Amino acid sequence: MNESSNDLPANSLAGTFAERLIAWQAEHGRHDLPWQNTRDAYRIWLSEIMLQQTQVATVIPYYGRFLERFPDVAALASAPQDDVMALWAGLGYYSRARNLHRCAQVVVAEHGGRFPSDPETLATLPGIGRSTAAAIAAFAYDAHAAILDGNVKRVLARVFGIEGFPGTPKIEREMWALAESLLPKSDLPAYTQGMMDLGATLCGRGKPRCGECPFDSDCVAHATGRERVLPTSKPKKVQPERYVDVLVICAHERILFERRPDSGIWGGLWSFPELTPPAGEREVDDASLRERLSAHAAALGARQGVVQSIVPLQGLTHVFTHFRLHLRPWLVTLSGASAARSGDLRHAWFDTAGIAAAGLPSPIRKIADALAAISPDDGQLSLPA
DNA sequence: TATCCGTGGGT
DNA sequence: TACCCAAGGAT
């Protein structure tokens with residue numbers, strides 16, 4: 001079947017789309033990002049994973065630190081997961097880091113340490129979906145494969161006037177077909193980079209610079225004055241609120257941390273032990289709350305001493321994609337002569353150096369940093385700043 | 001198929 | 001301020 005027969009819009013642009021994009025990329029695209037100018041599939045793969053749902057400027061420092069610590073896939077595969085998580089901390093979407101680690105191990109164990117060259121095989125690896133597989137294959141091996149990320153969706157929606165939220169399966173199917181029909185026969189790296197560059201620079205979400213665009217005269221959205229409404233935005237809904245009390249348990253100049261389970265929010269990272277209020281009992285009285293806090297803290301820190309004081313710290317609200325989390329930290333100071341070590345593998349006492357090296361989610365890092373600023377006199381905490 | 005999964009920047 | 005959403009994938 002001829003792929004260009006039915007799925008292409010009746011648009012004269014279709015025949016020259018790739019040529020014009022490649023020419024524009026050579027002249028106006030980006031050529032000096034840290035992960036460009038290499039054919040090393042490891043480096044390309046690492047960048048693509050970090051760039052999933054994450055902007056270029058955010059990724060750059062993480063990418064450099066990561067490569068320095070893990071220069072090749074073998075180094076990453078043999079590293080402890082905790083080291084990987086610590087270098088990823090702050091970047092978000094932590095399942096990416098766990099999948100990255102697993103993927104490296106699979107590449108070493110099952111592919112001789114070399115990334116597969118075809119997109120179908122790449123897409124079977126952990127953390128690599130259809131679009132990421134196409135990007136890796138195109139950049140590293142010149143594969144004839146289409147990407148479909150946020151940039152491409154925005155460009156296609158505007159240039160070809162595609163209505164409807166691109167997150168729905170129907171629109172997404174249309175866009176995959178269109179993206180594949182537009183592929184050139186050669187120059188796949190330049191073409192793929194061009195789609196990303198156009199979407200990230202001229203054809204950005206906010207104010208598209210249509211005057212500089214190679215498709216200016218052919219863009220449906222521009223011709224109809226719909227640059228600002230295409231692509232159709234995601235239907236919004238009210239996000240739920242969650243409340244949680246966290247225990248900042250301090251004893252012997254150390255703080256107790258709890259490793260979060262792999263599944264769920266902040267999976268695999270270190271956080272403070274938490275106390276989720278019973279549903280519908282948000283407004284429990286202060287005394288009973290303190291009683292529960294104290295009991296929980298005493299149970300966790302039993303071998304470190306007895307609860308000496310409980311002091312509320314500055315709370316904060318963290319906004320996630322699908323809910324808002326209200327964090328209420330309590331500083332619990334234990335007193336006692338014990339110098340016992342931490343108990344189980346899920347818990348660990350960190351001093352300031354340990355905190356600095358640990359993989360902490362951003363809001364938890366923020367609370368920890370604020371703690372270090374508390375002087376011993378007014379905070380009853382003797383951690384050095 | 002819809003939901004879950006972070007964080008930071010832009011408007 | 002509040003909202004949108006980024007080089008998406010897994011379940």
Side-chain angles (χ1 to χ4, degrees), chain A residues 29-30 33-36 44-63 85 88-100 102-103 122-136 138-139 146-155 165-173 175-176 179 189 192-201 203-208 228-229 231-240 242 260-269 271 316-325 359-366:
Chain A
R30 297 172 293 185
L33 295 171
W35 41 86
Q36 291 183 298
I44 293 166
W45 162 70
L46 177 62
S47 75
E48 291 302 329
I49 302 300
M50 285 189 164
L51 287 161
Q52 287 170 357
Q53 299 296 102
T54 310
Q55 296 183 7
V56 166
T58 305
V59 165
I60 286 176
Y62 285 87
Y63 184 75
M85 299 311 294
W88 199 277
L91 199 51
Y93 284 134
Y94 298 101
S95 65
R96 290 186 297 172
R98 297 192 303 276
N99 285 330
L100 187 89
R102 280 203 297 142
C103 182
L122 281 168
T124 66
L125 296 170
I128 301 180
R130 182 174 173 181
S131 185
T132 298
I136 297 169
F139 286 134
I147 63 167
L148 187 62
D149 59 17
N151 290 315
V152 178
K153 286 176 176 176
R154 189 167 49 253
V155 170
F165 174 53
T168 65
K170 176 173 177 292
I171 304 298
E172 192 154 312
R173 273 196 305 273
M175 288 189 165
W176 272 117
T192 304
Q193 190 64 50
M195 290 296 273
M196 294 172 169
D197 289 348
L198 188 64
T201 59
C203 199
R205 186 172 66 91
K207 297 176 182 173
R228 294 302 298 268
V229 297
T232 305
S233 58
K234 180 189 177 84
K236 58 178 170 183
K237 55 182 180 181
V238 180
Q239 300 295 358
R242 295 187 194 174
R260 300 187 60 86
D262 274 355
S263 64
I265 204 86
W266 298 334
L269 271 65
S271 184
L316 60 87
T317 297
H318 194 70
V319 181
F320 290 88
T321 310
H322 48 301
F323 64 92
R324 294 161 56 89
L325 179 68
L360 308 184
S362 287
I364 301 301
R365 167 72 62 195
K366 196 176 295 183

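Chain A is the first sequence line, chain B the second, and so forth, proteins listed ahead of strands; every chain is numbered from 1. If you're wondering where the values come from, they're calculated on a predicted model, not measured in any experiment.
- For A:Asn99 and A:Arg102, the side-chain atoms include at least one donor-acceptor pair closer than 3.5 Å.
- Distances were taken from every side-chain heavy atom of A:Trp266 (C-beta onward) to each of C:dC5, C:dG8, B:dT7; the shortest belongs to B:dT7.
- At a threshold of 4.0 angstrom between heavy atoms, the contacts of A:Ser233 are confined to the sugar-phosphate backbone, with no base atom among them.
- Among the heavy atoms of the strands, none lies under 4.0 Å from A:Pro231.
- The base of B:dG6 is paired with the side chain of A:Thr54 by a donor and an acceptor separated by under 3.5 Å.
- For the pair A:Gln53 and C:dG8, the criterion of a side-chain N or O lying under 4.0 Å from OP1 or OP2 is met.
- Each of B:dC5, B:dG8, C:dA7 was ranked by its minimum atom distance to the side chain of A:Tyr93; first place goes to B:dC5.
- Here the P atom of nucleotide B:dG6 and the CG atom of A:Asp262 are 11 Å apart, to the nearest Å.
- Of all nucleotides listed (C:dG9, B:dG6, B:dT3), B:dG6 comes nearest to the side chain of A:Ile265.
- Within the structure, a side-chain polar atom (N or O) of A:Arg154 is placed less than 4.0 Å from OP1 or OP2 of C:dA6.
- Residue A:Lys207 is out of contact with every strand shown, counting any heavy-atom pair closer than 4.0 Å.
- In the interface, the side chain of A:Arg30 is paired with the base of C:dA7 through a donor and an acceptor atom under 3.5 Å apart.
- Formation of a donor-acceptor pair under 3.5 Å by the A:Thr192 side chain with backbone atoms of A:Ala135 is not found in this model.
- In the set C:dA7, C:dC3, C:dG9, the nucleotide with an atom closest to the side chain of A:Gln52 is C:dG9.
- If you check every strand for non-hydrogen atoms under 4.0 Å, A:Leu33 touches a base.
- Between B:dC5 and A:His322, a contact under 4.0 Å exists linking OP1 or OP2 to a side-chain N or O.
- Put simply, the side chain of A:Arg205 and the base of C:dC5 share no donor and acceptor less than 3.5 Å apart.
- Residue A:Val59 is classed as having no contact, given no heavy-atom separation below 4.0 Å to the nucleic acid.
- In this model, the phosphate group of B:dC4 is not approached by any side-chain N or O of A:Thr321 to a distance below 4.0 Å at OP1 or OP2.
- Relative to the side chain of A:Gln55, the nucleotides B:dC5, B:dG9, C:dA10 differ in distance, and B:dG9 lies closest.
- Within the structure, every side-chain polar atom (N or O) of A:Lys170 is placed at least 4.0 Å from both OP1 and OP2 of B:dT1.
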